[in-house]
Amino acid sequence: MKKINVCICIFLGAFFFLSLPALPGQTPGQAIKNERTQWFQDAKFGLFIHWGVYSMLGREEWVRQLCQIPLPEYQYYVDHFNPTLYNPDEWVRLAKEAGVKYIVITSKHHDGFCLFDSKYTDYDIMRSEYGKDALGMLVEACRKQQMPLGFYYSIMDWSHPDYLPRRPWETDRPTRDADFNRYMDYAINQLQELMTKYDPAILWFDGEWEHSNEDQRAKEIGEMLLKMKPNLLINDRLFKREPGFGDFGTPENFIPATGVRNPDGSPRLWEACTTMNFNGWGYNRYETEFHSASQLIRQLIEIASKGGNLLLNVGPMPDGTIQPEFSARLKRMGEWLSENGEAIYETTASVFEKLPFFGRCTVKGNKLYVHVMGWPEDKRILLPGLKTFLKKVYLLKNERTLDFRRTRRGIVISLPDRAPDPDATVVVVELQNPPEITPYEIRPTAGGRIELPVYLADLQSEMGQRAYLDHFYRVTMLTNWQNVNDYPSWEFFVEKTGTYEVQASYASMWGGKSTFAVEIDDLEIPGTTQNSPSVYFPKTFTLGTVDLKEGKHALRFKIKSIANNQALRLEKVILKPL
Ligand code: GLC
């Protein structure tokens, strides 16, 4: 008994201080060592499923709030939910085909409807026309196909009589007898029910923003759940996304510029949850915009190169099937992963802080996987500052060996004339020993000119990221720049104090004038877009001058207003000594 208690204490301790602090000299590529979380860290790719009665309305999972639907009217959908074509075995097969290693599904979303048979409420799938435990069926399918399954659970609940506050527009539901603490008893009962009945691998909390940790009894819930299942993983949202809490961070619809760290600077497990489409997580019948499969593959690579997981969402249709836009993209990802999975699964973050070309790196033992996304014009890539002895360099796809040579700046690898896979071609670099790297710094060329291409930038974004890098035959540009919160930033060194001309190379030909600003330290240089030869081909424009002292500086390129859907495609900023 004592032993068990000690174990629980260790697990609980581990829960609150999950990853060990980084040892001095630890490289960014180093793994987080933790037995509980290892499977998750290795998995890299999960499938998120948002499905419930809201799917029937085909206007996202927030539809009840967005369209201000009174509870009695919403009841129609609760009563008539009937996914006659629902086949959970097929969902899991599709996930497997996509190369997905775990699934997380909404057991209860904000509307409060339970996709499982709950003895604590009638507001569940058993009273809908379907009348079968859809969640239980998925649990079974996952068990058969050995697919770890996690449950999303919303603390916010728009239908439970005890949940407070009501939606601001709800005037017909009195709050007089409501008791939030009694609601939390209900939620805790349901969480226990989910654990004992279905034994999930992950509990993925959400909807936690209306109350404090204390009121939501976060600590009590965390401890209770881990007592029930010590190796259960719990996301950070149970603790209001406080840095360092929960097993993993959950950036939503953006990829953090440099990954996610604990408050003490040590690497943290994280999982970016993202949608393939742009409007909503639940089925949206009216959606017309989807990321391309190529973009999704590159997102997965980028996330893996920063040590994270991708939890990619689908919102199945009300009949229980997954729309072709989603399944086609998942299948293409699976195709890519069937050839290149070695470079994703069980890897750790890149050892390079920056790569001087459009590409990313993942690491496994003494192997570096270099994912080349934009084929360079000179058919060469430089691995900057790599000092370790190289055994062999080859293409993952066909094991064709590639020539390389050591230079003062690092290892230069010669690529074939054409990209074997234009989405991302993986070059495997086999090292004699674990990688040793001199940190990368952006410094002037011999003539004193400083070049800041977008692939050397940290792309800063928050929820709702739109901008990403893409390759346009000869050049890599930051494209799809539709959100003013997305911006590239660089740090660079000036070696000679003086005046510099600030130039930007960008493509823009959409008509209308977008405005932007280049911020260099505290100085702001405003600009208005001008036409380049085409939207695929950039031109260099002079924006102004800046006096820079010898030393380190920061530059950010920000969009101020967007005239025609996207402002510009940025290739690079140049500082030319005058
Ligand atoms: C947000 C939304 C919710 C979605 C979730 C996924 O919190 O409110 O609808 O389920 O993000 O991360």
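No hydrogens, no waters, no symmetry mates; every other heavy atom, side chains included, goes into these values. In listed order, ligands and their atoms are each counted from 1.
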Could you see which bit of Met463 sits under 4.0 Å from ligand 1, with heavy atoms only: side chain, backbone, both or neither? neither

Side chain or backbone of Tyr54 under 4.0 Å from ligand 1, or both, or neither, by non-hydrogen atoms? neither

In terms of atom number and element, which parts of ligand 1 are under 4.0 angstrom from non-hydrogen atoms of [X]?
X      : answer
His110 : 2 (C), 3 (C), 8 (O), 9 (O)
Cys273 : 12 (O)
Arg237 : 7 (O), 11 (O), 12 (O)
Glu61  : 3 (C), 9 (O)
Tyr152 : 10 (O)

Answer with yes or no whether the side chains of Gln465 and Asp486 bring together a donor and an acceptor at under 3.5 Å. no

Aromatic Tyr286 / basic Arg59 pairing, under 6.0 angstrom, 45° off normal: yes

May I ask you to check if Lys44 and Tyr345 form a cation-pi contact, with NZ or CZ under 6.0 angstrom from the six-membered ring centre and within 45° of the axis? no

Rounded to the nearest 0.5 Å, what separation is found between the CG atom of Asp157 and the NE2 atom of His109? 11.5 Å

How far is [atom] from its nearest protein heavy atom, and which residue and atom is that?
atom                   : answer
atom 1 (C) of ligand 1 : Glu252 OE2, 3.2 Å
atom 5 (C) of ligand 1 : Asp206 OD2, 3.4 Å
atom 4 (C) of ligand 1 : His50 NE2, 3.5 Å

Examine ligand 1 and decide if any of its atoms is less than 4.0 Å from a heavy atom belonging to Trp209. yes

Return yes when His109 approaches ligand 1 closer than 4.0 angstrom through a heavy atom, no otherwise. yes

Give yes if a backbone or side-chain nitrogen or oxygen of Trp62 is under 3.5 Å from a nitrogen or oxygen of ligand 1, and no if not. yes

Residues Trp281, Phe48; criterion ring-ring contact (aromatic ring centres under 6.0 Å, His included); working and verdict: CA-CA 9 Å; Trp281 300 78; Phe48 212 173; 5.7 Å; yes

What orientation do Tyr152 and Trp204 show, parallel under 30°, tilted 30 to 60°, or perpendicular over 60°? parallel

Taking the six-membered ring for Trp, are Trp91 and Tyr86 ring centroids under 6.0 Å apart?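 Yes, the ring of Trp91 comes within the 6.0 Å limit of the ring of Tyr86, centre to centre.
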
His50 ring center within less than 6.0 Å of Tyr283 ring center: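 No, the ring of Tyr283 stays outside the 6.0 Å limit from the ring of His50, centre to centre.
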
When you look at Glu289 and Asn279, which way does the side-chain hydrogen bond (donor to acceptor under 3.5 Å, both in side chains) test go after all the steps? CA-CA 8 Å; Glu289 247 190 301; Asn279 299 286; 4.9 Å; no

